[in-house]
Amino acid sequence: MRLKARAKGERVIVVDIRREIAEMEAEMISLRRDFHRHPELGLHEVRTSKIIEDYLKELGLEVRRCTDTGVIGILQGSQVGKTIMLRCDIDALPIQEETELPFASEKPGVMHACGHDGHTALHLITAKLLTRHREELKGTVIFLFQTNEEDAGAELMIEAGALENPKPDIVCGFHLWSPIPTGKIGLVPGPIMASSYYFKLTIRGRGGHGGAPHTAINPIDAAGHVLDAIRTLHTLEFDSTKPTVISVCKIHGGTKEIIVPDEVELEGSIRCLHTEDEAVRSRFQECCEAVCAAYRCTCDIEFKCGNTLLDNDEAATKLAMNAAERVVGKENILTHGVSVMLGDDFAEFSRRIPGVYYFVGTASESAKSTFEHHNPHFNIDEASLAVAAQMQAEIVAEYLQ
Ligand SMILES: [Zn+2]
Ligand SMILES: [Zn+2]
């Protein structure tokens, strides 16, 4: 695949992105393995961000910190034009690695189990490639290396000015994705990742003796009815064409088999792949309060926003779709069954600036990279790094021509 970019005058420069990325593949893999060996938790990516900063400075980009460990590199093309931001995430997870890879994590209890090691490496290589072609770029490329994706780092970087000086016209994000085979790309316009709100529901009754439950008010009983009510909401009230998930993942109450506890706590998340999430939360709250009241209990609900809806902009999706056709061919672009109820805080950028987010397949039996994300055996297929780097470079080339 060859891309044409028109430089000053009538001279036509032909940039073979695939070939140039292939020439840098060994470096990209070695960067990835180094990041993998030295994972760092969100907000603590000290070593990682220093390597990123030094690498971008060496390329000659304008580099600045945005939060302690978030890094931004700015590449000015030779001509004035639009501004595109490419975002990747750099943090690892509190998981003990069980892969037995020769470059497995050297840090006990910390692991790159989501592929952000690969993201960081390929983002650096994309920066290197595009810097070589500064002359052909009409506009500006911002490389944003985001801290703490696993827990809302995007918002911190935005508060620290990530979307200013310069302000991007478009933002672009991606994830190496183990549910999709290597060589394929998943991309859809509209919602691609769900919004998520975490809740903590505290149900209060009145403690007493387990042998005389009629003299107490048992909040555990009310909790059981709340679980039933949640199932009813799913089946009878929520529009089944608009995916909604309420899942309770933690429940705690009581200290001993003969004591009715005063209170029970339930924690979980509410996820929506549509824009009516506020109505879902409000109905959930109404049901919890009414059910608790029916069983003589009271309740409090605290919500915390995990991620907002990641909703791909139509025009930006078209841009990425064109790039994907050149990189993997039309037959390897998945447009059905791509969206998921998981979230990514890339949504914080793309709800402020038109944006697109896509999945780059990384599953391969031979690379043992079919484990789900956040599993202690998770691994990426390193062949997918080049696919993602090509995608990013192609999107920029098309947008800044
Ligand atoms: Zn993750
Ligand atoms: Zn991730």
Side-chain angles (χ1 to χ4, degrees), residues 31-32 35-36 38-45 48-49 52 69-71 86-99 105 107 109-124 144-157 171-180 182 185-187 192-196 198 245 247 249 269 271 304-310 312 338-350 355-363 369-382 384-385 387-389 391-392:
L31 281 165
R32 180 259 161 165
F35 291 131
H36 192 88
H38 303 285
E40 294 174 301
L41 292 175
L43 305 179
H44 300 278
E45 308 97 333
T48 309
S49 59
I52 294 166
T69 52
V71 182
L86 304 181
R87 171 272 202 179
C88 85
D89 37 19
I90 65 173
D91 53 320
L93 287 154
I95 293 174
Q96 179 60 44
E97 180 159 355
E98 292 174 26
T99 62
S105 169
K107 203 176 277 181
V110 184
M111 176 195 178
H112 268 295
C114 202
H116 302 183
D117 49 340
H119 296 177
T120 311
L122 76 90
H123 215 52
L124 290 173
L144 182 136
F145 294 80
Q146 189 201 304
T147 175
N148 202 26
E149 183 281 326
E150 302 289 1
D151 193 11
E155 196 128 32
L156 297 178
M157 289 192 75
V171 291
C172 181
F174 66 95
H175 211 298
L176 295 172
W177 207 232
S178 73
I180 296 179
T182 302
I185 283 168
L187 173 63
I192 185 163
M193 283 183 118
S195 63
S196 58
Y198 308 136
V245 166
S247 94
C249 294
S269 64
R271 294 157 191 271
K304 181 187 158 206
C305 179
N307 286 300
T308 50
L309 181 69
L310 208 175
N312 275 342
V338 170
S339 300
V340 290
M341 300 306 285
L342 283 68
D344 190 313
D345 68 356
F346 175 78
E348 291 306 319
F349 300 109
S350 64
V356 61
Y357 182 97
Y358 57 91
F359 296 117
V360 177
T362 195
S369 59
T370 55
F371 291 96
E372 57 269 43
H373 290 253
H374 298 195
N375 181 290
H377 295 279
F378 178 83
N379 188 21
I380 57 166
D381 177 3
E382 288 173 332
S384 64
L385 296 171
V387 178
M391 270 297 287
Q392 295 288 80

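The figures that follow rest on heavy atoms only: side chains count, while hydrogens, waters and symmetry mates do not. Read the numbers this way: they start at 1 and go in the same order the structure lists the ligands and their atoms. Being a predicted model, the structure only gives us computed values, none of them experimental. Count residues from 1 along the sequence.
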Check the angle between the aromatic planes of Phe359 and Trp177 and answer parallel, tilted or perpendicular using the 30° and 60° thresholds.
parallel
Could you go through residues 150-157 and list every donor-acceptor pair under 3.5 Å that involves a side-chain atom there, pairing it with any protein atom two or more places apart or in another chain?
from	atom 1	to	atom 2	distance (Å)
Glu150	OE1	His374	NE2	3.4
Glu150	OE2	His374	NE2	3.2

Arg271: which residues meet the salt bridge (charged side-chain N to carboxylate O under 4.0 Å, His left out) condition with it, sequence neighbours left out?
none
Parallel under 30°, tilted from 30 to 60°, perpendicular over 60°: which one fits the rings of Phe174 and His123?
tilted
Sequence neighbours excluded, which residues qualify as salt bridge (charged side-chain N to carboxylate O under 4.0 Å, His left out) partners of Asp91?
none
Taking the Zn ion (ligand 2) as the center, what protein N, O or S atoms are found at less than 2.8 Å?
Cys114 SG, His116 NE2, His175 NE2
Modelled atom types, side-chain donor and acceptor of Ser384 and Thr362, under 3.5 Å
yes
